[in-house]
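Structure first, commentary second.
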Amino acid sequence: MSSATTTPHTAPPPTPAEPSRDPRRTGAVLALARFEARELLLQAPILLVFVLYALIVFIRLANPDGMDAYPVLNTVDRRTQMVPLLVALSVLICTNSAALRSRKGGTVQQFGVLPMEPWCRALAHVLSAVPFVALTALFVAGEYFWEALKPGAIGHGSFGELAVGPLAVLLAAVLGVLLARVLPTTFGPIIFAVLAYVAFMGSSMIAFDGDWTGWLSPVVLSPETSGDPIPSDLIGRPAGWHALYTVGVCALLTCAVLLLTGGRTRAVKTATALAVVAVATGVIGQLPRDAAALDAARRAAFETPEKAQSCTTYGRSQYCSFPEWEVVRSEWAEVVDRLQSAAGGSAARTGLTIRQRVEAAEVALDDGVLRLSSAPGQVTVGTRWGGNRVPEFAVGAASVLVTGREDVAPDEKCDGRTVTVMWLVLSTEPDPLDTLRHVRLDDAVSGSGYVLSPTNGLHMTAHQTEVVRDMLKEPRAKMTARVKAHWEELTARRTTTAQVAKVLGVEVPKGVETCEE
């Protein structure tokens, strides 16, 4: 009987285990992001651009222009959008360089033995820019609230407009990491920056032409970003939807980076789907809606502003403005009271209607003069206030006190009533010659020149300028009494400059008065 022999089976050699993954993945990603953020902070481009950013904001806020005391907040929010593009450019270059560091250092192969997946490292590079996004947001918020907390601040800003700058920096960081994956070369950011600049200028031209596709750009320049301010409800910029669209684009490109580096987890796929929904929703929200209604509202604000305005009565006069400008009505009243205190006859007692005006939509943004009013006793005022706008408004109000209507203001260079108008404007100023310099287009206090006002302004001849200066040399109370005593003669339509000088007892200028333009 034979016995069977059994051959023992040899166990196969054990398969080398894959490197274990750190279950605390989030903590590892955040730790790497903090390290990369510190590395970015030490990069010269980012340091220099934030120093430049701080300098620009400081100079802008320290501007001594009197109009800064009355900032229109729906222009301040848009003003914060351009400088962050410098930050975005530096972040794009530096995040791209950081993401390419291992490739340039020849250490890519060593990452294969590390427990952190490539997509987690890519996510850390994106997150490393978050502190700089937050710092940009701090600059934007600081600039806006500095203006908003001023007692003369007008209207309100838009969160969507304020979010543009920080979101542009975040988008630049994502693009920097994405370029390191799809175009792994040092020149990638430079090539992309040139193409992005061309695309930005093209989208701005599209936006100026009224095409909504310009809103697919992260930062949008449109006609409403220039010229004199207009009421917020007439701007028509879909700022909130644009902010949602930009957030969606940032999220979608981040997901693209993660997917390209192997991050095909359920969480990444879900985030990708949500990002696509956000982008689509933002695009749909930016589509033009009720364009005809907006155009009609702008046209109504131009043709019949009284229907959209409220009024306040101070003394004998009524001051009417769009609701956002209610804060400056008392300032207008102070100017009118000062002018009437120096006027004579019925002008010292008449009640005026101060009416705020904007131009029609197609020309409101060209920073030109406003349309003349044909209503008796009505004075036009614009949407900017403070600084030189105060004496310019005084010129317009004084013209109505002298002539009765804006459309019959002294518009001929030899019209002697111009002297009376300028006396009313300058006589109660603490430094009348300085005011004269600021209200004239040529910044001169001698010779002929053009005097600015919210509407058409005035032309002063060299003789009229000389007579006004001689009047200012006299004791103020004495000259004011003369003006009041001879008011009817000084405001007569045919009065000449020489007659004004004789009536007021100042020297008649020598030579022939030149009346040509």
Side-chain angles (χ1 to χ4, degrees), residues 29 33 77-78 80-82 84-85 87-89 91-92 95-96 99 119-120 122-134 136-137 140-141 157-182 192-193 195-197 199-200 202-204 206-207 211-222 235-261 263-289:
V29 170
D77 56 6
R78 299 195 299 271
T80 64
Q81 296 177 1
M82 297 308 297
L85 294 181
V87 180
L89 179 60
V91 168
L92 170 68
T95 53
N96 180 265
W119 68 270
C120 289
L123 179 59
H125 281 295
V126 172
L127 294 178
S128 68
V130 170
F132 306 103
V133 176
T136 303
V140 169
S158 166
F159 176 80
E161 300 284 8
L162 294 171
V164 167
L167 288 177
V169 176
L170 178 59
L171 181 60
V174 178
L175 288 171
V177 180
L178 180 61
L179 285 173
R181 180 67 184 180
V182 300
F192 179 82
L195 295 177
Y197 175 78
F200 172 70
S203 65
S204 298
I206 290 174
D211 192 332
W212 73 272
T213 56
W215 284 93
L216 299 180
S217 169
V219 180
V220 182
L221 296 179
S222 64
I235 293 177
R237 286 170 59 93
W241 292 112
H242 183 68
L244 175 62
Y245 161 77
T246 309
V247 169
V249 170
C250 291
L252 184 59
L253 293 180
T254 300
C255 292
V257 171
L258 301 184
L259 292 172
L260 288 173
T261 50
R264 294 176 177 84
T265 65
R266 181 179 300 176
V268 173
K269 293 178 181 178
T270 302
T272 303
L274 294 175
V276 170
V277 172
V279 171
T281 304
V283 170
I284 294 172
Q286 293 179 109
L287 291 174
R289 295 189 301 274

Query - Min side-chain heavy-atom separation L260-L178 under 4.5 Å - result: yes
Query raised in the report: Shortest non-hydrogen contact from P238 to G236?
Result: CD-O, 3.7 Å
Report summary line: dist R264:CZ -> W119:CH2 (nearest 0.5 Å) comes out at 12.0 Å
**Report entry** Nearest heavy atoms of V219 and Q81, plus distance in Å
**Finding:** CG1-OE1, 4.1 Å
**Report entry** Side chain to side chain, I235 and R78, heavy atoms closer than 4.5 Å
**Finding:** yes
Query raised in the report: Counting N and O atoms only, with roles assigned by atom type, does the side chain of T265 sit under 3.5 Å from a partner on the main chain of V268, one being a donor and the other an acceptor?
Result: yes
Report summary line: dist L244:CG -> T281:OG1 (nearest 0.5 Å) comes out at 6.0 Å
Query raised in the report: Roughly how far, to the nearest 0.5 Å, is CD1 of I284 from OH of Y245?
Result: 13.0 Å
Query raised in the report: Under the criterion side chain to side chain contact (heavy atoms under 4.5 Å, CB included), which of V133, V169, L170, T136 is the partner of V91?
Result: V169
Query raised in the report: So how far is it from H125 NE2 to N96 CG, rounded to the nearest 0.5 Å?
Result: 10.5 Å
Query - Least distance between heavy atoms, A33 atom then L127 atom - result: CB-CB, 3.8 Å
Query raised in the report: Would you say the side-chain atoms of Q286 pair up with the backbone N or O of L216, donor to acceptor, closer than 3.5 Å?
Result: no
Query - Residue pair L92, L179: steps toward the side-chain contact (heavy atoms from CB on, under 4.5 Å) verdict - result: CA-CA 9 Å; L92 170 68; L179 285 173; 4.2 Å; yes
Query raised in the report: Between V257 and T261, which heavy-atom pair has the shortest distance, and what is it?
Result: O-OG1, 2.8 Å
**Report entry** Shortest non-hydrogen separation from S158 to A239 and the atoms involved
**Finding:** OG-CB, 3.6 Å
Query raised in the report: For G160, does its backbone N or O pair with a side-chain atom of H242 as donor and acceptor, under 3.5 Å?
Result: no
Query raised in the report: Which heavy atom of G248 sits nearest a heavy atom of A275, and at what distance?
Result: O-CB, 3.9 Å
Requested in this report: With the side chain counted from C-beta on, respond yes when L167 and L171 share a heavy-atom pair under 4.5 Å apart, and no when they do not.
Outcome: no
Query raised in the report: Stepwise, does the side-chain contact (heavy atoms from CB on, under 4.5 Å) test hold for L175 with L253?
Result: CA-CA 7 Å; L175 288 171; L253 293 180; 3.6 Å; yes
